[in-house]
Amino acid sequence: MTEPGPDGLTEPAGPDSPPAAGPDSPPAAETDFEGPRRRARREREERRAARDRATAIEQARREAKRRVDGKSADAPKTVARGTLRGLKVLLWSALASVLAVSLGLILYFTPIMSARSVVVTGLAVVTQDEVLAAAAVPPDEPLLQINTDVIAERVATIRRVASARVQREYPSTLRITVVERVPVVVKDYPDGPHLFDRDGVDFATAPPPNLLPYLDADNPGPNDPPTQAALEVMLALPPDVVSQVGRIAAPSVASITLTLTDGRVVVWGTNDRTDEKALKLAALLTQPGQTYDVSSPDLPTVK
């Protein structure tokens with residue numbers, strides 16, 4: 001290919017000459033993709049981002065150091081406060097213990113709170129003098145030194161007393177509560193009538209109360225089975241029926257018989273199904289008759 005020279009003549013193109021652009025040739029590609037302004041702006045943004053990152057790292061480091069320093073400064077204060085609080089609690093506890101022990105020793109060994117009065121309750125037949133004599137409470141003895149169980153046992157040795165309870169009432173009172181035995185049946189002996197309570201205990205030799213039924217048993221006592229069977233029957237009867245019983249015979253646990261005050265007879269039999277028999281008897285006694293048999297509560301009879 002030739003191209004015009006400076007004098008208008010054409011000369012052949014050299015091997016290093018760029019090809020001539022024809023009408024259909026594409027434009028030459030740009031070798032620089034960003035201009036100086038874009039490059040400068042990009043570099044400024046990169047420097048700013050790097051500076052911001054370095055600043056954030058430094059702030060985070062300082063904040064972490066500040067937290068560590070703050071904990072280190074507060075820890076001794078917390079430990080010191082906790083130790084002081086513990087010492088105060090220990091001191092007050094020790095002081096309270098010393099005061100409690102001292103007060104206990106004073107009350108135990110001195111007559112400040114002694115038994116200056118003894119109150120007895122629950123008496124009906126037993127006299128207060130009997131109870132006080134049996135209790136034998138030492139005068140002016142500190143309440144804390146008094147053995148209430150021992151005093152209760154002394155009072156319970158009285159035949160008419162079923163049980164006794166002794167309580168301290170501060171500052172200077174001792175209360176004795178008595179439960180007396182109640183007679184359920186009476187039995188004649190050569191030395192006079194003996195009263196028996198619900199447990200079969202012979203607790204008194206005295207005239208019986210009105211309408212108290214007599215017991216016919218060979219060896220009455222708390223360990224005698226016929227006596228226990230007869231007492232079980234008496235305790236199961238309604239009050240209006242008990243008031244009509246004049247005598248109860250118990251030669252054995254299988255042949256219990258009641259004799260009413262008007263002469264009527266009740267055949268009871270054994271002490272099985274006692275409560276059921278008691279209900280049937282209360283209904284049967286409203287009917288006229290002489291003998292009332294409830295030995296078989298399913299088939300009670302009246303003759």
Side-chain angles (χ1 to χ4, degrees), residues 122-127 130 156 158-163 178-303:
L123 299 179
V125 180
V126 181
T127 65
E130 289 181 271
I158 302 174
R159 289 180 63 189
R160 283 185 174 270
V161 174
S163 64
V178 173
V179 177
E180 294 187 4
R181 298 186 186 276
V182 178
V184 177
V185 293
V186 59
K187 181 174 175 60
D188 282 328
Y189 282 90
D191 61 343
H194 287 215
L195 305 180
F196 292 81
D197 69 354
R198 61 184 301 150
D199 297 321
V201 175
D202 180 359
F203 67 90
T205 301
N210 292 331
L211 303 178
L212 190 67
Y214 280 79
L215 171 66
D216 292 333
D218 296 334
N219 300 298
N223 298 319
D224 180 51
T227 300
Q228 292 298 319
L231 292 172
E232 183 181 346
V233 172
M234 292 301 303
L235 295 173
L237 294 175
D240 58 335
V241 177
V242 172
S243 63
Q244 301 180 55
V245 179
R247 187 174 295 271
I248 179 169
S252 69
V253 296
S255 56
I256 300 173
T257 303
L258 308 176
T259 302
L260 306 185
T261 54
D262 58 6
R264 291 181 293 175
V265 177
V266 177
V267 179
W268 193 273
T270 67
N271 62 337
D272 294 335
R273 303 170 67 181
T274 297
D275 293 336
E276 189 176 351
K277 292 180 181 180
L279 293 176
K280 294 294 179 65
L281 178 60
L284 287 179
L285 290 179
T286 61
Q287 303 178 21
Q290 183 61 32
T291 302
Y292 300 82
D293 191 341
V294 292
S295 58
S296 177
D298 295 329
L299 296 172
T301 60
V302 180
K303 296 180 182 179

Could you check if a side-chain atom of [X] sits within less than 4.5 angstrom of a side-chain atom of [Y], using non-hydrogen atoms only?
X      : Y      : answer
Leu281 : Leu237 : yes
Val267 : Tyr292 : no
Arg247 : Leu258 : no
Arg273 : Pro297 : yes
Phe203 : Pro183 : yes
Val185 : Met234 : yes
Val161 : Val179 : no
Leu235 : Arg198 : yes

In sequence, state the C-alpha distance, the side-chain angles, and the governing distance for Asp197 and Val182, and then conclude on side-chain contact (heavy atoms from CB on, under 4.5 Å). CA-CA 5 Å; Asp197 69 354; Val182 178; 5.9 Å; no
Is the backbone of [Y] close enough, under 3.5 Å, to the side chain of [X] for a donor and an acceptor to pair up by distance?
X      : Y      : answer
Gln287 : Leu284 : no
Lys277 : Trp268 : yes
Gln290 : Gly263 : yes
Gln228 : Asp199 : yes

To the nearest 0.5 Å, what is the distance between [atom1] ([X]) and [atom2] ([Y])?
X      : Y      : atom1 : atom2 : answer
Asp216 : Thr257 : CG    : OG1   : 10.0 Å
Leu285 : Asp240 : CG    : CG    : 8.5 Å
Glu232 : Asp272 : CD    : CG    : 8.5 Å
Thr205 : His194 : OG1   : NE2   : 3.5 Å
Ser252 : Asp218 : OG    : CG    : 9.5 Å

Going by atom types only, do Asp293 and Ser295 share a side-chain donor-acceptor pair under 3.5 Å?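 Note: Asp293 and Ser295 side chains meet the donor-acceptor criterion.
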List the atom of [X], the atom of [Y], and the distance in Å for their closest heavy-atom pair.
X      : Y      : result
Gly221 : Phe196 : N-CE2, 4.5 Å
Glu180 : Val126 : OE2-N, 2.9 Å
Ile256 : Ala230 : CD1-N, 4.2 Å
Leu195 : Pro209 : CD2-CD, 4.4 Å
Pro208 : Pro193 : CD-CG, 3.8 Å
Ala278 : Ala236 : CB-O, 3.5 Å

Evaluate Val302 against Thr291 for side-chain contact (heavy atoms from CB on, under 4.5 Å), listing each step before the verdict. CA-CA 6 Å; Val302 180; Thr291 302; over 6 Å; no
Can you spot which of Arg160, Arg159, Lys187 makes a salt bridge (charged side-chain N to carboxylate O under 4.0 Å, His left out) with Asp202?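 Exactly one option meets the salt bridge (charged side-chain N to carboxylate O under 4.0 Å, His left out) with Asp202, and it is Arg159.
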Step by step, work out the side-chain contact (heavy atoms from CB on, under 4.5 Å) result for Val266 and Val294. CA-CA 7 Å; Val266 177; Val294 292; 4.2 Å; yes
List the steps, then state whether side-chain contact (heavy atoms from CB on, under 4.5 Å) holds for Glu276 with Asp298. CA-CA 9 Å; Glu276 189 176 351; Asp298 295 329; 4.0 Å; yes
